[in-house]
Amino acid sequence: MKKIIDGFVGGEPFKIFIGTDSDGNQDFVVFATALVVYKVGVGGIYFYKLKREKKYHDIYSRLFEEVHLSIEMANFVKQSLGLNHAEIHIDAGQDGESKEIISTLVGYVKGMGYNFKLKPWAFAASKIAHRHTK
(Lines give C-alpha, C1' and ligand atoms only; values in the text may rest on other atoms or scores of the structure.)
Protein backbone atom coordinates (compact mmCIF):
# COMPACT_ATOMS: atom_id res chain seq x y z
CA MET A 1 0.00 0.00 0.00
CA LYS A 2 2.83 2.41 0.89
CA LYS A 3 4.47 1.86 -2.52
CA ILE A 4 1.21 2.54 -4.33
CA ILE A 5 0.61 5.74 -2.35
CA ASP A 6 4.19 6.97 -2.81
CA GLY A 7 4.02 6.23 -6.53
CA PHE A 8 0.72 8.04 -6.86
CA VAL A 9 1.67 11.22 -4.99
CA GLY A 10 5.19 11.36 -6.44
CA GLY A 11 6.40 13.80 -3.82
CA GLU A 12 3.60 16.27 -4.55
CA PRO A 13 1.29 17.69 -1.85
CA PHE A 14 -1.49 15.31 -0.79
CA LYS A 15 -4.16 14.86 1.85
CA ILE A 16 -5.55 11.77 3.55
CA PHE A 17 -9.23 11.33 4.37
CA ILE A 18 -10.66 8.33 6.22
CA GLY A 19 -14.32 7.46 6.69
CA THR A 20 -16.53 4.50 7.50
CA ASP A 21 -20.13 3.77 6.59
CA SER A 22 -22.33 0.79 7.38
CA ASP A 23 -25.43 -0.92 6.10
CA GLY A 24 -27.34 -3.79 7.60
CA ASN A 25 -29.99 -6.36 6.92
CA GLN A 26 -31.81 -8.64 9.34
CA ASP A 27 -28.76 -10.71 10.27
CA PHE A 28 -25.58 -8.64 9.92
CA VAL A 29 -24.03 -5.25 9.29
CA VAL A 30 -21.32 -4.51 6.72
CA PHE A 31 -18.86 -1.79 7.71
CA ALA A 32 -16.76 -0.27 4.92
CA THR A 33 -13.78 1.91 5.80
CA ALA A 34 -12.28 4.04 3.03
CA LEU A 35 -8.76 5.47 2.98
CA VAL A 36 -8.67 8.27 0.42
CA VAL A 37 -5.41 9.77 -0.83
CA TYR A 38 -6.05 13.05 -2.60
CA LYS A 39 -3.23 14.56 -4.65
CA VAL A 40 -3.95 18.28 -4.47
CA GLY A 41 -5.25 19.64 -7.76
CA VAL A 42 -4.95 16.30 -9.54
CA GLY A 43 -7.33 13.69 -8.12
CA GLY A 44 -7.29 10.77 -5.80
CA ILE A 45 -7.12 7.07 -5.19
CA TYR A 46 -8.65 5.06 -2.41
CA PHE A 47 -8.44 1.77 -0.60
CA TYR A 48 -11.17 0.14 1.42
CA LYS A 49 -11.62 -2.54 4.05
CA LEU A 50 -14.81 -4.46 4.81
CA LYS A 51 -15.93 -5.86 8.14
CA ARG A 52 -19.06 -7.94 8.63
CA GLU A 53 -20.61 -8.32 12.09
CA LYS A 54 -23.79 -9.42 13.76
CA LYS A 55 -26.51 -6.83 13.55
CA TYR A 56 -26.16 -3.74 15.72
CA HIS A 57 -29.47 -2.96 17.34
CA ASP A 58 -29.31 0.82 17.50
CA ILE A 59 -27.99 3.63 15.34
CA TYR A 60 -25.76 4.98 18.10
CA SER A 61 -23.76 1.75 18.48
CA ARG A 62 -23.29 1.57 14.73
CA LEU A 63 -22.12 5.18 14.45
CA PHE A 64 -19.69 4.75 17.32
CA GLU A 65 -18.29 1.60 15.65
CA GLU A 66 -17.94 3.49 12.36
CA VAL A 67 -15.87 6.18 14.06
CA HIS A 68 -13.85 3.57 15.94
CA LEU A 69 -12.97 1.76 12.69
CA SER A 70 -11.95 5.07 11.08
CA ILE A 71 -9.66 5.87 14.00
CA GLU A 72 -8.13 2.38 13.80
CA MET A 73 -7.39 2.99 10.11
CA ALA A 74 -5.93 6.43 10.86
CA ASN A 75 -3.68 4.90 13.52
CA PHE A 76 -2.54 2.24 11.04
CA VAL A 77 -1.79 4.89 8.42
CA LYS A 78 0.19 6.90 10.95
CA GLN A 79 2.10 4.06 12.62
CA SER A 80 2.60 1.57 9.79
CA LEU A 81 2.74 3.81 6.72
CA GLY A 82 4.31 6.86 8.35
CA LEU A 83 1.65 9.20 6.95
CA ASN A 84 0.32 11.84 9.31
CA HIS A 85 -2.51 14.33 9.33
CA ALA A 86 -5.39 12.07 8.31
CA GLU A 87 -8.79 13.73 8.52
CA ILE A 88 -11.63 11.58 9.86
CA HIS A 89 -14.96 11.86 8.06
CA ILE A 90 -17.88 11.13 10.38
CA ASP A 91 -21.05 9.83 8.74
CA ALA A 92 -23.32 12.00 10.91
CA GLY A 93 -24.86 15.41 10.49
CA GLN A 94 -27.23 17.93 11.98
CA ASP A 95 -30.24 16.28 10.31
CA GLY A 96 -31.72 12.99 11.43
CA GLU A 97 -31.12 10.78 14.45
CA SER A 98 -27.35 11.09 14.32
CA LYS A 99 -27.40 14.69 15.55
CA GLU A 100 -27.99 13.44 19.11
CA ILE A 101 -24.63 11.68 19.26
CA ILE A 102 -22.46 14.11 17.26
CA SER A 103 -20.79 15.65 20.32
CA THR A 104 -19.72 12.18 21.54
CA LEU A 105 -18.36 11.16 18.14
CA VAL A 106 -16.53 14.45 17.64
CA GLY A 107 -15.09 14.24 21.16
CA TYR A 108 -13.77 10.75 20.46
CA VAL A 109 -12.07 11.83 17.22
CA LYS A 110 -10.61 15.02 18.72
CA GLY A 111 -9.48 13.13 21.81
CA MET A 112 -7.50 10.78 19.59
CA GLY A 113 -5.78 13.78 17.98
CA TYR A 114 -7.45 13.86 14.57
CA ASN A 115 -9.27 16.54 12.63
CA PHE A 116 -12.77 15.73 11.39
CA LYS A 117 -15.56 16.65 9.02
CA LEU A 118 -19.29 15.97 9.41
CA LYS A 119 -21.95 15.57 6.74
CA PRO A 120 -22.33 17.02 4.18
CA TRP A 121 -18.52 17.44 3.91
CA ALA A 122 -17.69 13.90 5.08
CA PHE A 123 -17.38 12.43 1.57
CA ALA A 124 -14.96 9.63 2.51
CA ALA A 125 -17.72 8.11 4.67
CA SER A 126 -20.96 9.19 3.03
CA LYS A 127 -19.89 8.76 -0.60
CA ILE A 128 -16.85 6.52 -0.99
CA ALA A 129 -17.25 4.04 1.89
CA HIS A 130 -21.00 3.99 1.26
CA ARG A 131 -20.39 2.47 -2.19
CA HIS A 132 -18.95 -0.65 -0.60
CA THR A 133 -21.60 -1.33 2.06
CA LYS A 134 -24.15 -2.87 -0.32
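Note that these values count all heavy atoms, side chains included, but never hydrogens, waters or copies made by symmetry. Predicted model only: the values in this text are computed from it and were never measured.
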Next on the checklist: Please tell me whether His85 and Tyr114 have a donor and an acceptor in their side chains that are separated by less than 3.5 angstrom.
Outcome noted: no
Checklist entry - Side-chain donor-acceptor pair under 3.5 Å between His89 and Glu87, yes or no? => result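 Judged by distance alone, the side chains do pair up.
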Heavy-atom side-chain contact between [X] and [Y] under 4.5 Å:
X      : Y     : answer
Lys15  : Val37 : no
Ile59  : Ser98 : no
Leu83  : Lys78 : no
Tyr48  : Met73 : no
Val40  : Tyr38 : yes
Lys117 : Ile90 : no
Leu35  : Ile16 : yes
Lys49  : Leu69 : no

What's the spacing between [X] [atom1] and [Y] [atom2] if we round to 0.5 Å?
X      : Y      : atom1 : atom2 : value
Glu12  : Lys39  : CD    : NZ    : 5.5 Å
Ser126 : Arg131 : OG    : CZ    : 10.5 Å
Lys119 : Ile102 : NZ    : CD1   : 9.5 Å
Lys110 : Ser103 : NZ    : OG    : 10.5 Å

Next on the checklist: Suppose we call two aromatic rings close when their centres sit under 6.0 Å apart. Are Phe14 and Phe8 close by that rule?
Outcome noted: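 Judged by ring-centre distance (under 6.0 Å), Phe14 and Phe8 do not meet the cut-off.
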If two hydrophobic side chains count as joined below 4.5 Å and joins carry through other members, does [X] share a cluster with [Y]?
X      : Y      : answer
Tyr60  : Val109 : yes
Tyr108 : Leu118 : yes
Ile45  : Met1   : yes
Leu81  : Ile4   : yes
Leu63  : Phe17  : no

Next on the checklist: Quick check: closest heavy atoms across Gly19 and Ala124, and the distance to 0.1 Å?
Outcome noted: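 Smallest interatomic distance, heavy atoms only, reads N-CB, 3.7 Å.
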Checklist entry - Any idea which heavy atoms bring Ile71 and Met112 closest together, and the distance? => result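 Minimum heavy-atom separation between Ile71 and Met112: CD1-CG, 3.8 Å.
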Next on the checklist: Could you walk me through whether Val36 and Ile18 satisfy the side chain to side chain contact (heavy atoms under 4.5 Å, CB included) test, starting with their C-alpha distance in whole Å, then the side-chain angles of each, then the deciding distance to 0.1 Å, before giving a yes or no?
Outcome noted: CA-CA 6 Å; Val36 180; Ile18 298 171; over 6 Å; no
Checklist entry - Can you check whether Glu66's main-chain N or O pairs, donor with acceptor, with Ser70's side chain at less than 3.5 Å? => result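 Present.
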Checklist entry - Would a distance-only check, ignoring hydrogens and angles, find a side-chain to backbone donor-acceptor pair under 3.5 Å from Thr133 to His130? => result yes
Please tabulate, for the side chains in residues 25-33, all donor-acceptor contacts under 3.5 angstrom to protein atoms that are two or more places apart in sequence or on a different chain.
| unit_1 | atom_1 | unit_2 | atom_2 | d |
| --- | --- | --- | --- | --- |
| Asn25 | OD1 | Asp27 | N | 2.7 |
| Asn25 | OD1 | Phe28 | N | 3.1 |
| Thr33 | OG1 | Thr20 | OG1 | 2.9 |

Item to check | Listed partners of Lys134 passing salt bridge (Lys or Arg N to Asp or Glu O under 4.0 Å), at least two apart | outcome: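 Partners of Lys134 by the salt bridge (Lys or Arg N to Asp or Glu O under 4.0 Å) criterion, ordered by chain and then number, come out as Asp23.
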Item to check | Any residue meeting salt bridge (Lys or Arg N to Asp or Glu O under 4.0 Å) with Lys51, in chain and number order, not counting sequence neighbours | outcome: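 Once residues adjacent in sequence are excluded, the partners of Lys51 under the salt bridge (Lys or Arg N to Asp or Glu O under 4.0 Å) criterion are Glu53, Glu65.
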Checklist entry - Is the count of non-hydrogen atoms from other residues, nucleotides or ligands lying under 6.0 Å from Lys2 atom NZ greater than 12? => result yes
Item to check | Salt bridge present between Asp58 and Arg62 (N-O < 4.0 angstrom) | outcome: no
